[in-house]
Amino acid sequence: MRLSRYFLPVLKETPSEAQIVSHRLMLRAGLIRQEAAGIYAWLPLGFRVLQKIEQIVREEMNRAGAIEILMPTLQPSDLWKETGRYDAYGPEMLRIKDRHDRELLYGPTNEDMVTEIFRAYVKSYKQLPLNLYHTQWKFRDEVRPRFGVMRGREFLMKDAYSFDLDKEGARRSYNKMYVAYLRAFTRMGIKTIPMRAETGPIGGDLSHEFIVLADTGESEVFCHKDLLDMPVPGEDVDFDADLEPIVRQRTELYAATSDVHEAARFEREVPPDKRVNARGIEVGQIFYFGTKYSVPMKATVTGPDGKDVPIEGGSYGIGVSRLVGAIIEASHDDAGIVWPEPVAPFDVAVLNLKAGDTATDKACEEIYAKLTAAGRDVLYDDTSDRPGAKFATMDLIGIPHQIVVGPRGLEKGTVEIKVRKSGAKEELSLAETINRFAK
RNA sequence: CGGGGCGUAGCGCAGUCUGGUAGCGCAUCUGCUUUGGGAGCAGAGGGUCGCGUGUUCAAAUCACGCCGCCCCGACCA
């Protein structure tokens with residue numbers, strides 16, 4: 001992408017409404033624009049990151065055997081009346097009436113609807129286990145939205161729903177999601193720790209929150225230090241095998257958010273030098289809730305014994321839009337965002353320090369063409385801005401690798417490459433540079 | 001929802017107390033010079049002062065009402 005043709009509205013000054021660093025940087029780097037309290041438009045750069053995160057989640061859900069669907073944002077109220085949640089949810093639920101005076105709602109979650117879909121088609125235990133998921137915009141009318149996309153009212157969430165014949169099956173489904181989450185977050189370049197959590201209005205008796213440690217996190221968390229550096233299962237993990245050992249390795253160590261924290265147990269189970277008391281951002285949560293929805297909604301299957309039984313369910317959410325903010329909280333410096341490569345909006349930036357100069361133009365065009373042909377996402381700054389402004393912008397938007405092309409280097413036949421994260425600089429020839437990045 | 005604060009040009013702000021031609025910096029546009037860490041000079045454009053009602057000869061400024069946004073707290077992916 002040529003910057004001169006792109007839409008990248010960066011701000012030199014920080015808008016006054018933004019308090020925390022991820023919100024400030026998202027506005028300054030031109031990722032989002034606020035349209036109302038807790039409601040944001042995604043600008044090109046932000047949308048790219050959002051899509052990269054969504055795609056990683058999709059790949060890991062698919063790997064774990066979940067099947068993607070897409071449910072609507074608007075739902076009829078009838079479903080929610082069946083489960084009793086229409087009244088239970090309260091003013092957080094945005095209620096709407098259509099022209100026929102039918103009650104609709106902008107979905108805050110989809111257990112009711114997915115259970116309706118399930119019960120319409122699935123009648124036999126032979127079709128289980130089943131895990132259906134989608135990534136869709138949700139709306140929760142928070143009293144007080146804040147921190148940009150970290151706590152908006154409209155947010156993009158991946159939510160998966162498992163259906164099993166019995167508790168043991170549900171437990172296996174839960175474990176699959178547990179492992180898939182570890183993998184997905186790790187691929188995004190962030191470290192998350194699963195922690196025991198309250199089940200909240202969704203209900204159930206087994207739940208973990210996946211927490212990113214960050215000073216600006218909303219919740220206080222307590223955990224065993226060894227959880228921080230525990231290796232995450234690789235691509236070759238077999239989701240059809242018994243995942244219990246992987247899950248148990250983590251769950252047997254203390255980890256809890258302040259809501260469910262037990263100080264005495266923490267001090268009993270965790271030696272003083274292993275106690276971590278920090279702040280964190282919740283980026284995912286998994287629940288087992290049994291028959292909470294299948295019983296009132298009569299979502300039953302016929303078992304091997306010929307008897308109808310309500311299915312055992314679980315639900316599994318990942319805050320896709322929140323992750324954009326959470327990743328920035330976990331990865332930035334004074335100059336701006338430092339994107340982990342897998343979620344960066346572009347892989348490589350090419351900075352033409354003297355646009356209009358025949359030699360630099362030619363070198364830049366060659367690098368741009370060859371890296372693009374090699375499948376790299378390249379952002380080529382071909383504008384006539386001054387070098388200082390270009391450096392500042394690229395640092396701000398956090399592209400992982402910068403290729404700096406200017407007359408000074410070209411006289412010696414070199415360009416400079418800079419790693420955004422470390423700041424490390426290296427002088428390479430044109431050919432070496434292309435060779436390095438053309439994967 | 002309780003408490004606090006703020007709405008003036010795209011962004012950051014002054015002006016409001018004490019009513020009297022709407023300002024500054026950045027950004028934008030034009031020209032010239034400049035070009036390795038957010039350039040300089042000269043010129044130009046851009047504002048229903050959140051909305052409404054009232055007071056007044058006169059309202060960004062005073063009064064009342066409303067809307068929006070932010071912060072602290074209680075609540076949540």
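Keep in mind that this is a model prediction, so the values were computed, not measured.
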Pairwise C1' distance, U34(B) and G40(B) [rounded to whole Å]: 8 Å
Sugar-phosphate, base or nothing in reach of G152(A), heavy atoms under 4.0 Å: base
Whichever of L410(A) and G284(A) has its nearest RNA chain B nucleotide further upstream toward 5': L410(A)
Distance, C1' atom - from C13(B) to A27(B), rounded to whole angstrom: 14 Å
Touch class at under 4.0 angstrom, heavy-atom based, for V404(A) against every strand present: base
Salt-bridge contact K292(A)-E111(A) (side-chain N to carboxylate O under 4.0 Å): no
M394(A) side, atom CE; R420(A) side, atom CZ - distance, nearest 0.5 Å: 12.0 Å
P spacing across the pair G5(B) / G52(B), given as an integer number of angstrom: 25 Å
NZ-CG distance between K362(A) and L410(A), expressed to the nearest 0.5 angstrom: 10.0 Å
Passing option when D347(A) is tested against I399(A), L371(A), D377(A) for side chain to side chain contact (heavy atoms under 4.5 Å, CB included): D377(A)
A27(B) phosphate, OP1 or OP2, under 4.0 Å from K12(A) side-chain N/O: yes
Side chain to side chain donor-acceptor pair (under 3.5 Å) between Y133(A) and D159(A), intermediate numbers included: CA-CA 5 Å; Y133(A) 79 97; D159(A) 39 325; over 6 Å; no
Interatomic distance at C1', C49(B) relative to C24(B), whole Å: 16 Å
Sugar-phosphate only, base, or nothing, as touched by K158(A) at under 4.0 Å among non-hydrogen atoms: nothing
From C76(B), G36(B), C1(B), nucleotide with atom closest to P407(A) side chain: G36(B)
Complementary nucleotide of G68(B), counting Watson-Crick and G-U pairs under 3.5 Å: C6(B)
Side chain D395(A) and base G37(B) donor-acceptor under 3.5 Å: yes
Y288(A) and Y174(A) aromatic centres sub-6.0 Å: no
For D78(A), salt bridge (charged side-chain N to carboxylate O under 4.0 Å, His left out) partners two or more places apart: none
Aromatic plane relationship, Y106(A) with F139(A) - under 30° parallel, 30 to 60° tilted, over 60° perpendicular: tilted
Sequence-aligned protein contact record of nucleotides 2-15 of chain B, with B where the base is within under 4.0 Å of a protein heavy atom and S where only the sugar-phosphate is: ---------BSS--
Listed nucleotide nearest any side-chain atom of V143(A), set C1(B), G37(B), G38(B): C1(B)
Strand partner of G23(B), provided both Watson-Crick or wobble distances fall under 3.5 Å: C13(B)
Nearest-nucleotide pick for R146(A), side chain only, options being C76(B), G38(B), G73(B): G73(B)
Protein-nucleotide distance (E218(A), atom CD; C71(B), atom P), rounded to Å: 11 Å
Nucleotide G36(B), atom P - distance to CD of Q402(A) in whole Å: 16 Å
Spacing of the C1' atoms in G47(B) and U8(B) (rounded, Å): 8 Å
Phosphate OP1/OP2 of C76(B) contacted by R151(A) side-chain N/O (<4.0 Å): no
Y368(A) and Y380(A) aromatic ring geometry - parallel, tilted or perpendicular at 30°/60° bounds: tilted
Residues that E432(A) engages under salt bridge (charged side-chain N to carboxylate O under 4.0 Å, His left out), provided they are two or more places apart: none
Nearest listed nucleotide, side chain of A36(A), among C69(B), G38(B), G37(B): C69(B)
Whole-Å gap separating P (U35(B)) and CZ (R408(A)): 13 Å
Inter-nucleotide C1' distance (C29(B), C64(B)), Å rounded: 43 Å
d(CZ, F147(A); P, C75(B)) in whole Å: 15 Å
Residue matched to G37(B) through Watson-Crick or wobble contacts both under 3.5 angstrom: none
d(CG, L8(A); P, A27(B)) in whole Å: 16 Å
Nucleotide opposite U48(B) in a Watson-Crick or G-U pair, distances under 3.5 Å: none
Selection: residues 64-77 of chain A, any non-hydrogen atom under 4.0 Å of RNA chain B: none
For atom CD of Q19(A) and atom P of C71(B), their distance in whole Å: 5 Å
Counter-base of U61(B), judged by Watson-Crick or G-U geometry with both distances under 3.5 Å: none
Given RNA chain B, 5'-ward residue of the pair G388(A) and E35(A), judged by closest heavy atom: G388(A)
C1'-based separation of U48(B) from A22(B) [nearest Å]: 14 Å
Opposite nucleotide pairing with C29(B), Watson-Crick or G-U, both atom distances under 3.5 Å: G43(B)
d(NE2, H23(A); P, C69(B)) in whole Å: 12 Å
Show which side-chain atoms of residues 32-46 of chain A pair as donor or acceptor with protein atoms under 3.5 Å away, not counting sequence neighbours.
from, atom 1, to, atom 2, distance (Å)
Q34(A), OE1, Y40(A), OH, 3.3
Q34(A), NE2, A36(A), O, 3.4

Any pair counted as salt bridge (charged side-chain N to carboxylate O under 4.0 Å, His left out), so long as it reaches residues 12-30 of chain A, sequence neighbours left out: none
Among C76(B), G38(B), G37(B), the nucleotide that comes nearest once only the side chain of E92(A) is considered: C76(B)
Rounded distance in Å - CG (D361(A)) to C1' (U35(B)): 13 Å
Salt-bridge contact E244(A)-R171(A) (side-chain N to carboxylate O under 4.0 Å): yes
Sugar-phosphate only, base, or nothing, as touched by G317(A) at under 4.0 Å among non-hydrogen atoms: nothing
Nearest-angstrom distance, P atom, G10(B) to G2(B): 33 Å
N or O in side chain of Q34(A) less than 4.0 angstrom from C70(B) OP1/OP2: yes
